[in-house]
Amino acid sequence: MTSNSATIRLDMLKSSEQAGAADVVAREIFEAGPARAPALSLAVARSDGVVWAEAYGKSNLEFDVPATTDHLFRLGSVSKPVTTVAAAKLVTSGLLDLEAPISTWLPELPDHHKTTTMKQLLTHQSGVRHYLAKDFDITAPGGAIYSRSYATNEEVMALFIEDPLVAPPGTSVSYSSYGYTLASIVMEAAAGLPFLELIQREIAQPFALPSLTEDAPLTILPLRANGYMVEFERNMFFDQLAVEARPKLSDGYINIPSNNPAFCWAGAGLLMTPSDAARFGAALLASPNARISEAERTLLFTPLTKATNNSPPLGLGWRIDTDKAGRLRWHHAGATAGGRFGLVIYPALGLSIALGSNLMVSPGDVLGPASRLADVFT
């Protein structure tokens, strides 16, 4: 009994020391420049649950609301690995074949997309273009793509589907959120279910992630952190307006414009708490608590591309490399109006680390902070 009590006390002491060290790291990240996010939330999880989580700053500046670990942050492109895990589940269920032409499910596609495969879409090898400046032109008919309403998939695909490919499918890696939009429409057709319902069925419910949802602008979502821009972002988003006509900054911030990510749910349109995101990452590790099979893990985390100047090797939607200490990591980062997010998994350490803010440009680096937190919890 005494030995057990001593072990418990040592474990509590270690946990307290780790929490203190993690807080020091997190506060340094939160205070780092050049632009500080109003709020920063971080979490570290193992396969048996979250071992540390903390939040700093304000989730809403107008109402002076302190950020908590229950606040939802915009995943940005961390939505992509959520999508690929759902795709892996559809492969397991026999509904989706990653090697088959996507015209199997969408026969009316333009000819230049008909031989493209889901594997190519999910590894950025489809040749589908990424965003262009014209997509964000607030003076264009209908406004910028994020300010429009989309009633059908056809309206979404009309944004890019007729545009020429940047390269023949399968020949090069070219990052594309529109490629993920197309992949999500294929997944809908394969599963016979709207994409957002598919994410709830395949990810949110079985992984027990109650905060995972879409960033629907008109829906009342309790604890959604308000998104902000600083001067650089304001000038970028409103560069078609004269300087004097741009929204006025208050203490260095403006609210983000109304944003409807229906054109990119799969690539950049989801929300989650960092605690749930960290638990999602931990559930992908090989353990008794894993929510994926070994075959699905192999599918997701086997490198399918070579490194490029802009990207490490890619698994199915995951970036795969090592940190400066030589530790293998699976990761993705996201940046969208009003949100910055990172999810980093260290499989050999059994750690999953997530962080989210409500400012697109802060923290600029998510891998360095994750590596520092991995040091603390190793």
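Bear in mind that the values here come from a model prediction, so they are computed numbers and not experimental data.
One N or O on the side chain of Arg234 and one on the backbone of Pro247 form a donor-acceptor pair closer than 3.5 Å. Thr305 places a side-chain N or O within donor-acceptor distance of the main-chain N or O of Leu314, the cut-off being under 3.5 Å. Thr123 contributes no side-chain N or O that, together with a main-chain N or O of Leu316, makes up a donor-acceptor pair within less than 3.5 Å. Side-chain N or O atoms of Arg319 include none that pairs as donor or acceptor with a backbone N or O of Ser311 at under 3.5 Å. The backbone N or O of Pro194 lies less than 3.5 Å from no partner atom in the side chain of Glu197, so there is not a single donor-acceptor pair. Judged by distance alone, the side chain of Thr171 and the main-chain N or O of Ala167 form no donor-acceptor pair under 3.5 Å. Between the side chain of Thr302 and the backbone N or O of Leu299, no donor-acceptor pair lies under 3.5 Å. Distance alone, capped at 3.5 Å, is enough to place a donor-acceptor pair between the Arg148 side chain and the Gly143 backbone. For the pair Ser352 (side chain) and Arg279 (backbone), a donor-acceptor distance under 3.5 Å is absent. For Tyr228 (side chain) and Ala337 (main-chain N/O), no donor-acceptor pair under 3.5 Å exists by modelled atom type.
Using modelled atom types, one finds a donor on one side chain and an acceptor on the other under 3.5 Å when comparing His331 with Asp321. Side chains of Ser59 and His71: a donor-acceptor N/O pair is present below 3.5 angstrom, by distance only. Under 3.5 Å, the side chains of Asn310 and Thr308 contain no donor-acceptor pair of N or O atoms. Side-chain contact of Tyr253 with Asn226: a donor-acceptor pair under 3.5 Å is absent, judged by distance alone. Side-chain contact annotation: Asn235 with Arg246, donor-acceptor N/O pair under 3.5 Å present. Between the side chains of Tyr180 and Thr84, no donor-acceptor pair of N or O atoms lies under 3.5 Å. A donor-acceptor pair shorter than 3.5 Å can be found between the side chains of Glu296 and Thr92. A side-chain donor from one of Lys80 and Ser77 sits under 3.5 Å from a side-chain acceptor of the other.
Applying the ring-ring contact (aromatic ring centres under 6.0 Å, His included) rule to pairs touching residues 271-307 yields Phe207-Phe280, Phe301-Trp318, Phe301-Trp330, sequence neighbours excluded.
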Counting only pairs under 3.5 Å, give me each side-chain donor-acceptor contact of residues 106-113, with atom names and distances, residues two or more places apart or in other chains.
from: His112; atom 1: NE2; to: Ile161; atom 2: O; distance (Å): 3.2
from: His112; atom 1: NE2; to: Asp163; atom 2: O; distance (Å): 3.1
from: His113; atom 1: NE2; to: Ile161; atom 2: O; distance (Å): 2.9

Please lay out, stage by stage, how Met187 and Met118 fare under the test side-chain contact (heavy atoms from CB on, under 4.5 Å).
CA-CA 9 Å; Met187 291 167 66; Met118 277 292 286; 3.7 Å; yes
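Scanning all heavy atoms of the two residues, the minimum distance from Gly142 to Ser147 falls at O-OG, 4.0 Å. Across Pro312 and Ile320, no two heavy atoms sit closer than the pair CB-O, 3.8 Å. Residues Asn358 and Ala39 share a closest heavy-atom pair of OD1-N, 2.8 Å. The minimum heavy-atom distance linking Ser362 with Ala35 is given by the pair OG-O, 2.8 Å. Shown here for Ala191 and Leu90, the closest heavy-atom pair between the two residues is CB-CD2, 4.1 Å. Across every non-hydrogen atom of Arg129 and Leu159, the tightest pair is NH2-O, 3.0 Å.
Annotation: side chain to side chain donor-acceptor pair (under 3.5 Å) contacts of Thr336 (sequence neighbours excluded): none. Taking the side-chain contact (heavy atoms from CB on, under 4.5 Å) definition, one finds that Arg372 meets it with Val25, Glu28, sequence neighbours left out. Residues forming a side-chain contact (heavy atoms from CB on, under 4.5 Å) with Ser357 (at least two apart in sequence, or on another chain): Ala37, Leu40, Arg340, Leu359, Pro363. For Asp323, the side-chain contact (heavy atoms from CB on, under 4.5 Å) partners are Ala325, Arg327, Arg329, Tyr346, Ser371, not counting sequence neighbours.
Once rounded to the nearest 0.5 Å, the distance linking CG of Leu285 with CG of Leu349 reads 10.0 Å.
Between Phe341 and Phe73, a ring centre-to-centre spacing not shorter than 6.0 Å is recorded. You'll find the ring centres of Tyr146 and Tyr131 outside the 6.0 Å limit.
Val173 is not connected to Leu300 by any chain of hydrophobic side-chain contacts under 4.5 Å among Ile, Leu, Val, Met, Phe, Trp and Tyr, and they are in different clusters. Cluster membership for Trp265 and Leu221, using ILVMFWY side-chain heavy atoms within less than 4.5 angstrom, is not shared.
In this structure, the side chains of Phe232 and Met360 stay at 4.5 Å or more apart for every pair of heavy atoms.
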